[in-house]
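One structure below.
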Amino acid sequence: MTEEENKAEKPAEAAVPNLGKFQNVDALMRAYQELEAEFTRRSQRLKALEAAAKQPAQEQGSPATAPETPVAEADSEALLRAVRGNEEVCARIVGEYLASLSGVPLLAGTGAGIVAPVERATTLKQAGALALGYLKHRKNGG
């Protein structure tokens, strides 16, 4: 190879940076700026929560009277997504809610549910139809 060929090959290799999943440098820069903005919002929220945790409980206002801020709304959405992903927390919240309802006759995990009336066959043809329906139901995962 000549010197001219070596020089021609080296810039071509160095000119194409590896950007991973990003198509170009602009897309990478936009993603970085969005990530930086989200990090700033979360840092601000963390500082606010740390300040609130340091205050005694009696000094804090009730959540119902506190005005909703955009940060609080975003945090409530994040909390909702986190709770939806955790079955144990969902079950606990629903259980506590049902326990708090007084005078409403609901079954909360114990007791017998509503049962369909028993079907009894009076002929051999009806018995065969019931058995066939039972087997089909069991085959389909019922």
(Q) Are more than 12 heavy atoms, taken from residues, nucleotides or ligands other than L80, located less than 6.0 Å from that residue's CG atom? (A) yes
Q. Are any of the side-chain nitrogens in E88 or R92 under 4.0 Å away from the carboxylate oxygens of its partner?
A. no
Q) Under a 4.5 Å side-chain heavy-atom rule over Ile, Leu, Val, Met, Phe, Trp and Tyr, are L79 and I93 clustered together? A) yes
(Q) What I want to check is whether the side chains of T122 and Q126 have a donor and an acceptor closer together than 3.5 Å. (A) yes
Q. Measuring from L130:CG to K125:NZ, what's the distance to the nearest 0.5 Å?
A. 13.0 Å
(Q) I'd like to know if R41 and E38 make a salt bridge, using a cut-off of under 4.0 Å between side-chain N and carboxylate O. (A) yes
**Q.** Separation of L28 CG from Q33 CD (nearest 0.5 Å)
**A.** 10.0 Å
Q) To the nearest 0.5 Å, how far apart are CZ in R30 and CZ in F22? A) 10.0 Å
